Peer 1: 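First the structure, which I've put down as structure tokens, then a few questions once you've had a look.
Order of the sequence lines sets the chain letters (A, B, ...), proteins ahead of strands, with each chain counted from 1. These numbers were taken from a predicted model, which means no experiment stands behind them.
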2 protein chains.
Amino acid sequence: MKQLQVLRKIAPEIGELVERRHTVLQNVLFVQPIGRRALAAKLGWPERMVRKEIDFLRESGLLICDASGMEVSPAGVVILEELKEIIREFHGLTDLERELAQRLGLKRVLVVPGDSDADETVKKEIARATAEFLHSELRSGDILAVTGGTTLAEVARSLPTAQGEKDITVVPARGGLGENVELQANTVAAAIAQRLGATYRLLHVPDDLGEEAMSTIAMEPKIKELIDLIRSARIVLHGIGTAEEMARRRGLPQEYVEILAREHAVGEAFGYYFNRDGRIVFATSSVGMRLEDLADVELVVAVGGGKSKAEAALAVLSTGHQDIYITDEGAAREMLQRLDKRAGRGTR
Amino acid sequence: MKQLQVLRKIAPEIGELVERRHTVLQNVLFVQPIGRRALAAKLGWPERMVRKEIDFLRESGLLICDASGMEVSPAGVVILEELKEIIREFHGLTDLERELAQRLGLKRVLVVPGDSDADETVKKEIARATAEFLHSELRSGDILAVTGGTTLAEVARSLPTAQGEKDITVVPARGGLGENVELQANTVAAAIAQRLGATYRLLHVPDDLGEEAMSTIAMEPKIKELIDLIRSARIVLHGIGTAEEMARRRGLPQEYVEILAREHAVGEAFGYYFNRDGRIVFATSSVGMRLEDLADVELVVAVGGGKSKAEAALAVLSTGHQDIYITDEGAAREMLQRLDKRAGRGTR
DNA sequence: ATAGCCGGGACATTATCCATCCCGTGGCCT
DNA sequence: AGGCCACGGGATGGATAATGTCCCGGCTAT
């Protein structure tokens with residue numbers, strides 16, 4: 001703990017060094033087997049630099065090369081695991097977590113090193129951290145409501161495959177959202193349930209229905225029962241997206257996109273679009289968990305990383321409904337910076 | 001602890017780096033203020049290397065430069081202190097201590113990093129460690145018997161200046177030994193006593209007396225009383241020297257030197273010369289603590305570092321009278337190596 | 001006053017690093 | 001089964017940084 005800080009004082013370059021090698025190792029692990037050139041392109045590093053690190057890691061036995069490319073050796077995987085805590089220390093993430101949690105009024109914030117925008121393996125790490133957290137929180141009898149999105153889909157893949165000794169039900173937080181099918185809440189819920197050995201219930205509701213049709217459907221006994229089940233969830237796990245990207249991904253009609261622009265929507269979470277003050281400025285017509293229902297949920301976990309999502313996350317989290325926020329360093333630092341800027345303007 | 005080992009696996013060069021800077025800092029602290037060139041000469045490093053580290057340390061605020069040379073800043077002193085444990089970890093000294101203690105049948109071995117032969121500050125560190133250990137072991141009412149030697153003289157200088165709240169008596173283990181006065185046991189005893197705020201009794205006996213004259217003197221009531229006091233010591237702290245060097249330092253007559261050579265004397269401790277099996281092959285004629293008296297002493301502490309003293313230390317320690325041995329890494333590793341070699345030959 | 005050592009700067013030389021290309025090979029697709 | 005593509009590893013010339021060495025102005029101690 002303290003020793004690392006001392007080391008950094010006497011030899012600051014070790015930070016860079018360790019991090020470079022950690023990044024290489026992690027990225028190789030992520031898409032192994034991979035070639036040197038592809039890796040260089042992926043990292044945006046000069047090929048020679050990648051090569052140097054590769055050479056070192058290979059000679060250290062942390063990486064093995066065969067004809068098809070490079071892979072992380074078992075020893076490398078162990079090292080990678082052990083490095084995690086060190087990197088966290090280097091980045092001062094524990095302090096960052098504490099400060100962000102306090103400023104956002106959350107129970108806890110989890111921050112993984114890196115920035116999803118710059119390094120896609122970071123997203124995997126977020127998912128991994130989320131999966132780990134989820135796994136430790138889930139109890140028998142729980143109802144878990146989840147949303148869709150790339151991050152959540154990744155969370156499912158990061159969960160350990162367990163036999164269903166716990167009696168858990170996984171449901172989508174809201175109905176189908178017109179996205180790519182493997183990113184839909186239904187799909188994610190099913191995937192998570194499968195990993196957990198849990199049961200799941202799906203909510204198949206078209207997304208582009210009018211308000212009346214929607215309420216009609218919601219009256220349907222079987223649907224209604226399911227909606228009630230969703231609203232009784234003990235844990236809600238949802239992603240956070242930027243308004244812009246989500247609108248694009250859902251193929252939102254032009255008229256609605258204009259509304260979003262006019263109202264300065266920046267963040268999105270399970271179908272609601274928020275402006276930077278956390279006010280709902282638009283909502284997709286769907287059924288299931290509503291924003292106000294979150295107040296009755298015991299544990300609301302939000303996930304989302306990447307510097308570009310910082311403003312979105314601030315918007316969503318300022319609704320005050322979340323308990324836990326899992327993100328990456330890029331988003332976390334950007335959020336703090338924006339909060340500082342606002343505070344500065346506020347007191348001026 | 002474990003983190004350091006992980007770091008070394010992923011970035012072995014940090015060991016070198018940290019150690020270089022630590023060495024510079026420690027050496028500067030030792031003879032500050034000192035100039036760049038003098039330091040380079042002292043360390044035997046290229047001037048440019050010293051300069052690079054100096055530049056770094058200065059910019060980090062660990063070192064300050066004025067016209068008269070460089071000094072370690074207060075922050076540097078703190079870092080230096082914190083680095084000690086890290087360096088110990090790097091060198092695996094804890095394991096080294098354990099193994100050596102077991103092989104030598106000692107209660108405990110203390111090893112400081114480095115080699116006194118190559119770096120004179122290491123001797124200071126041995127002295128420092130000895131002083132610290134001594135300070136923690138001394139109790140009220142103790143009688144402490146010490147020998148002479150450069151290391152022991154340094155121990156005195158490393159002791160904290162304390163007011164004499166403890167009732168301690170410091171005595172020389174044996175009579176005057178014809179050495180340089182500030183290295184004599186009497187002088188060392190006085191110096192240690194002064195630092196501890198203790199009382200001391202000195203034993204002024206010429207060194208070159210015949211055996212008969214010596215016994216006559218030993219019969220003298222006041223002398224006898226003092227000798228008895230010495231033999232009742234609870235703690236004995238003695239240095240270890242190579243036979244060759246001690247003979248030279250004491251100006252031993254040629255005839256005796258020949259005896260030492262013929263008998264393969266390698267080690268020396270308070271006037272006794274030992275061959276590598278720990279057998280006494282020669283003894284200076286003096287009075288005070290005899291080898292066999294050590295059996296009745298509660299705590300016998302031997303001190304001595306430097307690779308060149310490894311064989312001497314092995315000889316002295318194989319008498320089995322010592323409880324604690326304080327040394328440096330250079331001597332410790334050399335001793336282990338020699339032990340291994342002997343064991344190898346033994347089983348062959 | 002002066003001689004010696006101090007830090008800092010300058011500079012040519014050397015070693016290292018880096019981008020880029022090429023080659024033999026193995027797997028994969030056709 | 002054969003050709004193609006991407007892989008790792010090696011080689012090379014040019015850029016870049018590190019290095020050894022010297023000198024200078026200033027301060028200190030004598």
Peer 1: May I have the distance from A:D55 (atom CG) to D:dG8 (atom C1'), rounded to whole angstrom?
Peer 2: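 To the nearest whole Å, that distance equals 10 Å.
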
Peer 1: Please name the residue in the list B:R20, B:Q26, B:E19 that meets the side-chain hydrogen bond (donor to acceptor under 3.5 Å, both in side chains) test with B:H22.
Peer 2: B:Q26

Peer 1: At 4.0 Å (heavy atoms only), tell me whether B:I54 reaches a base, stays on the sugar-phosphate, or touches nothing.
Peer 2: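 Result for B:I54 = nothing.
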
Peer 1: Atom CG of A:L63 to atom P of D:dC7: distance rounded to whole Å?
Peer 2: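 Spelled out: CG on A:L63 to P on D:dC7 is 15 Å.
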
Peer 1: Within a reach of under 6.0 Å around OH of B:Y200, are more than 12 heavy atoms found that belong to other residues, nucleotides or ligands?
Peer 2: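 Incorrect, the count does not exceed 12.
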
Peer 1: For nucleotides 18-24 of chain D, read 5' to 3', which letter fits each nucleotide if B means a protein heavy atom sits under 4.0 Å from the base, S means only the sugar-phosphate is that close, and - means neither?
Peer 2: -BBBBB-

Peer 1: Between B:S158 and B:K124, do the side chains contain an N or O donor and an N or O acceptor separated by less than 3.5 Å?
Peer 2: no

Peer 1: In this structure, how many angstroms lie between the C1' atom of D:dG8 and the CD atom of A:E53, rounded?
Peer 2: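 These atoms are roughly 17 Å apart.
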
Peer 1: Grab the CD1-C1' distance between B:I64 and C:dG8 for me, whole Å please.
Peer 2: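 Distance check: B:I64 CD1 to C:dG8 C1' gives 17 Å.
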
Peer 1: B:R128 vs B:E154, test: salt bridge (charged side-chain N to carboxylate O under 4.0 Å, His left out). Steps then yes/no.
Peer 2: CA-CA 8 Å; B:R128 212 183 128 130; B:E154 193 62 50; over 6 Å; no

Peer 1: Atom CE of B:M70 to atom P of C:dC5: distance rounded to whole Å?
Peer 2: 15 Å

Peer 1: Could you state the interatomic distance from OG1 (B:T121) to CG (B:L29), rounded to the nearest 0.5 Å?
Peer 2: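 If I round to the nearest 0.5 Å, the distance is 9.5 Å.
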
Peer 1: Donor-acceptor pair, distance only, cut-off 3.5 Å: does the side chain of B:D328 make one with the backbone of B:G306?
Peer 2: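 Yes: the side chain of B:D328 pairs with the backbone of B:G306.
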
Peer 1: Rounded to whole angstroms, how far apart are CD on B:E71 and P on C:dG7?
Peer 2: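 Distance, rounded to whole Å: 11 Å.
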
